[in-house]
Amino acid sequence: MRPKEHREDHDRVRDLLAEFAAGAAGPAERRLVNEHLVSCSACAAELAEWQAVRDGVRAAAPVVSAPGPQLVAAVLDRSGAAPASVPVPAAPDRFADPRRRVRHAVAVLFGQLPLVRRRLWLASALVMALGAAIAAAGTGDSAGLVLALVAPLVTAAGLAVVYGPDVDPGLELVAATPTSPRIVLLARLTLVFGYDLLLALVASGVLVGFGVAGGVWALISAWFGPMALLSALSFAVSLWLGPNVAVAAAMTVWALRLLASKTIGLLPLSVAHLVEYLWSTNGITLGVALALVVAAVVFAPRVSLPAAT
């Protein structure tokens, strides 16, 4: 096949990959895609991403049941075929069983897992390991300071690119499913924050185990509050203003903490004390973080998803 013809087939196959993964392509299109995939690793990799989107959407979509007795009775009432006073039995709640709720939550989490960029997991682990190595080279106080700077920044960067049309190629497919955007947001927030939290806990345990840091709680409290605050800020800003602005906002707050340190001391004393207080684990810091997450989840569907026409 000549290079020009191969390029034309390549472009055409790329346009068909989403339909192919969804099972909507016709016989001729499927044959063309299958023949092209034999010699094109780039299209094979892109098809795997579309298949991950398909699997995630299917796993997260709730089961749609048949119309309940309330709907049937309402239709009959409006048509005059049945009196309005006929008692209607309550529709069964398929989530009344707590075990079903748990299974559904787990299914949503696993369904969203393939949709989070795989490079994010590796990058977070590498940066957190580097931060732990730097902390291991210092004393107990410096170990806590290093983790208090590294862990929040890693999590904030990850949450800035976890959802949105600019960073999520499968967002339109996810938005077209019955799954609420709020559920998708919470699932991805839980995955990324939980993963980075686990990394930071492992790093803290290693540092304490090797005697580099003092108590476990003292070390965790040095980074947990800042991690929650900065990641919540990045998450909210990314939904409202985009990932680039979110990263810039997180870096700005992170730089303020750096400038407020006693070693550098470039901020006015009152501002430095406020920054240091917020950059710690306390009720106000955690409350602000929670408020940002709630605001992001409540208002994100109006901001991130295209308006219905």
Side-chain angles (χ1 to χ4, degrees), residues 21 42 45-57 59-60 105-134 146-175 179 181-204 223-224 226-254 289 292-293 296-297 300 304:
E46 186 171 345
L47 175 62
E49 294 181 0
W50 280 113
Q51 289 171 335
V53 171
R54 176 201 63 196
D55 295 340
V57 168
V106 172
V108 171
L109 286 176
F110 276 95
Q112 293 300 314
L113 185 59
L115 305 185
V116 179
R117 295 177 180 272
R118 284 173 288 183
R119 289 174 293 182
L120 187 149
W121 310 118
L122 179 60
S124 297
L126 290 177
V127 176
M128 196 73 75
L130 178 61
I134 296 174
V146 170
L147 281 187
L149 291 173
V150 173
L153 191 59
V154 169
T155 312
L159 288 174
V161 296
V162 78
Y163 188 88
D166 297 331
V167 294
D168 188 355
L171 181 62
E172 291 186 5
L173 290 178
V174 174
T179 305
R182 294 183 178 91
I183 300 298
V184 174
L185 277 174
L186 287 174
R188 297 190 184 184
L189 173 65
T190 302
L191 286 171
V192 175
F193 186 84
Y195 175 73
D196 290 331
L197 177 63
L198 179 61
L199 290 177
L201 288 172
V202 170
S204 299
W223 55 260
F224 180 74
M227 178 178 173
L229 178 62
L230 198 64
S231 59
L233 174 66
S234 176
F235 181 65
V237 174
S238 70
L239 299 176
W240 296 330
L241 300 175
N244 294 332
V245 180
V247 172
M251 289 296 298
T252 300
V253 176
W254 185 83
L292 286 170
V293 170
V297 173
S304 299

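Numbering starts at 1 and runs along the sequence shown.
- For the side chain to side chain contact (heavy atoms under 4.5 Å, CB included) test, residues two or more places apart in sequence or in another chain that qualify with L186 are V297.
- Remark: side-chain polar atoms of S124 are not paired, donor with acceptor, to backbone N or O of W121 under 3.5 angstrom.
- A search for side chain to side chain contact (heavy atoms under 4.5 Å, CB included) contacts involving A125 returns Y195, L199, not counting sequence neighbours.
- Contact detail for L120 and G158: the closest heavy-atom pair is CD1-O, 3.4 Å.
- Between L185 and F235 the shortest side-chain heavy-atom distance falls below 4.5 Å.
- A donor-acceptor pair is defined here as one N or O able to donate and one able to accept, closer than 3.5 Å; such a pair exists between the side chain of W254 and the backbone of L149.
- A 4.5 Å side-chain heavy-atom check between V127 and L153 finds every atom pair outside the cut-off.
- Contact annotation: the side chain of L130 never approaches that of L126 to less than 4.5 Å [non-hydrogen atoms, C-beta and beyond].
- Contact of the V146 side chain with the W223 side chain is not registered, since no non-hydrogen atoms from C-beta on lie closer than 4.5 Å.
- Under the side chain to side chain contact (heavy atoms under 4.5 Å, CB included) criterion, A289 pairs with A228, A232, sequence neighbours left out.
- Every residue meeting the side chain to side chain contact (heavy atoms under 4.5 Å, CB included) condition with S234, not counting sequence neighbours, appears here in chain and number order: A156, A160, A246, A250.
- P243 pairs in a side-chain contact (heavy atoms from CB on, under 4.5 Å) with only one of the listed residues (V162, L159, V161, V237), which is V161.
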